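When reading the values below, keep in mind they use all heavy atoms of this one structure, side chains included, and skip hydrogens, waters and symmetry mates. Everything quoted here is computed from the prediction, not taken from an experiment.
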Amino acid sequence: MNRWLGLQDRSVEVEQMESRLRLHTIVRLRWFAVLGQLLAVSIVRFVLEFEFPFSLCLLLIAASAWLNVFLSVRYPARFRLGATFATVMLAYDILQLVALLYLTGGIENPFVVLIVGPVTVSAATLPPINTVFLGGLALISTAFLTVVHWPVPWYPDELLTLPLIYKIGQLAAITATILFLALYVWRLSKEARQMSAALTATELVLAREQKLHALDGLAAAAAHELGTPLATIVLVTSELQKEIEPNTPLAEDMALLRSQAERCREILQKLTRQPSEQDPLHATLSVSQLLDEAAEPYRSGTKAIQIICQPFEGVSGPAAKEPVGERRPGLIYGVGNIVENAVDFAHSKVEITAHWDERTLEVEVKDDGPGFRPELLETLGEPYVTTRPAGTGGPGKRAAGLGLGFFIAKTLLERSGASLTLDNRPAPERGAIVRISWAREVFEAAPAGPQRVEAA
């Protein structure tokens, strides 16, 4: 499946080992930090008139500002940082903030919570190992600030000293915040990347199917263009045959040329044959034909595939007539993927049943395999959730997939108006059940096919 899509099994891992942080983003965030730090120290110094190493604080803030200027001049705004470069930049932000906090009260400074910021940015944009490093640096720095720091700026006639147990509580709170936010943001970012990659893979499938579907139109256009010159060839050869003596080698060659030109015209007429009364299967297919076509590639194995199509019990009259819908490549592919999974996991047999009435059409695909694991029933159908255990690949065996196949099949079927439900067969039977349901009027919606094109 992954080879067919042009994907590799480790594509997600490779993506996770790269940085998604642009230079423009980190520079803008640092400018916000510089302005905030400058505003904070100015208010404390000139409004509250507290004494603290104001000049040293300004020097640290200026260092960040000059670093931003250097990066903006050295690199273009859309430059995407490598993982190591981005880690160094975020580590600098942590250490610069720690130096400011060291000069202004350490763990007692209420702005110590800002040390969580660079770690959160890393969790959203960098590989996990880099985030672990930055989180460890932030925690070690916070622990350092708990025991070593200059006094917090305060009124000169009062001494603000927080108890050690309170400082330890601050350290524990910051530790919990870093762990929670880093894990939460990393999980959200991972799910967003997986969904984006899965949707991209789905679009590749749809693009491939649409290209195949477009070949009909290309063939009709080519036949229409070639029809006129072939008709001219037939006309000219007919005239030449009248002027050539019969029973001569040239006459035989001319007859052969005319017969081949007429054969080409017949072939082109077949290519231009679109949905019509003479060829209804070109654009439509019944439920039984749909299931037969979807299951045909998997009949050659050792596992039996049984297909049963009939109306629900008690249904009669027009409602008992077999539904006929538009031939859609995505629909055939989606049902085929469900059948393929059932064949892969079945021990000996796959049962495909279709039932309908005047309102609904329901298809069930059952196998006699181990069934779905209960913990996966709620998440199957999401990208990168697979029932294939890792390490099952090898000679003659299917490798564990990325979990995109069922996601793509589910997406294609839902686009056709279907709804899917997954379940396990009730005891004492074993195996899985996939139910695909359509509103009958949705399945039988008339196709808007192209008009017939006749060759000249």
Side-chain angles (χ1 to χ4, degrees), residues 26-68 86-124 126 130-186:
I26 199 169
V27 167
R28 177 174 291 184
L29 290 175
R30 189 177 289 122
W31 278 126
F32 285 140
V34 167
L35 293 176
Q37 292 168 359
L38 184 60
L39 179 63
V41 298
S42 298
I43 291 176
V44 173
R45 179 65 182 86
F46 299 110
V47 178
L48 300 179
E49 298 183 348
F50 291 161
E51 292 295 332
F52 67 98
F54 181 66
S55 299
L56 291 177
C57 290
L58 287 183
L59 185 62
L60 290 171
I61 297 172
S64 291
W66 279 112
L67 176 60
N68 262 4
T87 303
V88 171
M89 290 293 98
L90 293 174
Y92 166 81
D93 291 331
I94 293 175
L95 295 177
Q96 189 261 2
L97 180 60
V98 168
L100 280 175
L101 292 171
Y102 171 79
L103 297 174
T104 56
I107 195 73
E108 298 175 0
N109 190 322
F111 290 102
V112 71
V113 296
L114 294 177
I115 204 168
V116 175
V119 183
T120 304
V121 173
S122 174
L126 297 181
N130 300 65
T131 303
V132 170
F133 168 76
L134 292 172
L137 177 62
L139 293 178
I140 292 173
S141 301
T142 307
F144 170 79
L145 293 174
T146 304
V147 294
V148 180
H149 56 82
W150 285 28
V152 64
W154 202 246
Y155 297 102
D157 54 345
E158 298 181 19
L159 181 63
L160 178 63
T161 303
L162 298 178
L164 178 62
I165 188 66
Y166 183 86
K167 296 180 181 180
I168 295 175
Q170 279 279 81
L171 175 61
I174 292 174
T175 301
T177 303
I178 288 177
L179 292 176
F180 173 77
L181 283 181
L183 288 174
Y184 181 73
V185 171
W186 172 78

Problem set entry | With W31 via side-chain hydrogen bond (donor to acceptor under 3.5 Å, both in side chains) - residues at least two apart | none

For this session: Please collect all salt bridge (charged side-chain N to carboxylate O under 4.0 Å, His left out) contacts where either partner lies in residues 28-41, sequence neighbours excluded, each pair once.
Result: R30-D93

Seminar exercise, completed: Across all chains, not counting sequence neighbours, the side-chain hydrogen bond (donor to acceptor under 3.5 Å, both in side chains) partners of Y92 are S64

For this session: Scan residues 47-67 for pairs that pass salt bridge (charged side-chain N to carboxylate O under 4.0 Å, His left out), counting only residues two or more places apart or in two chains.
Result: none

Exercise. Nearest 0.5 Å, what's the CG-CG distance between L38 and L58?
Worked result: 6.5 Å

For this session: Could I get the full list of ring pair (Phe, Tyr, Trp, His ring centres under 6.0 Å) partners for F50, not counting sequence neighbours?
Result: Y155

Exercise. Can you list every side-chain hydrogen bond (donor to acceptor under 3.5 Å, both in side chains) pair that touches residues 156-169, not counting sequence neighbours?
Worked result: E108-K167, W154-E158

Problem set entry | Between CG on residue L145 and CG on residue L171, distance to nearest 0.5 Å | 9.5 Å

Exercise. What pair of heavy atoms forms the shortest contact from V112 to G106, and how long is it?
Worked result: CB-O, 4.2 Å

For this session: Scan residues 109-123 for pairs that pass side-chain hydrogen bond (donor to acceptor under 3.5 Å, both in side chains), counting only residues two or more places apart or in two chains.
Result: T104-N109, S122-T131

For this session: Report the residues that fulfil ring pair (Phe, Tyr, Trp, His ring centres under 6.0 Å) with F46, sequence neighbours left out, ordered by chain and then residue number.
Result: F54

Seminar exercise, completed: Tightest non-hydrogen contact, residues T87 and L134, listed as O-CD2, 3.7 Å

Exercise. Can you list the residues that meet the side-chain hydrogen bond (donor to acceptor under 3.5 Å, both in side chains) rule with R45, with sequence neighbours excluded?
Worked result: none

Problem set entry | Listed once per pair and sorted, the side-chain hydrogen bond (donor to acceptor under 3.5 Å, both in side chains) pairs that draw on residues 52-63, sequence neighbours left out | none

Seminar exercise, completed: Those residues at least two apart in sequence (or on a different chain) that pass side-chain hydrogen bond (donor to acceptor under 3.5 Å, both in side chains) with T142 are none

For this session: Can you sort out the partners of F180 under ring pair (Phe, Tyr, Trp, His ring centres under 6.0 Å), two or more places apart, ordered by chain and number?
Result: Y184

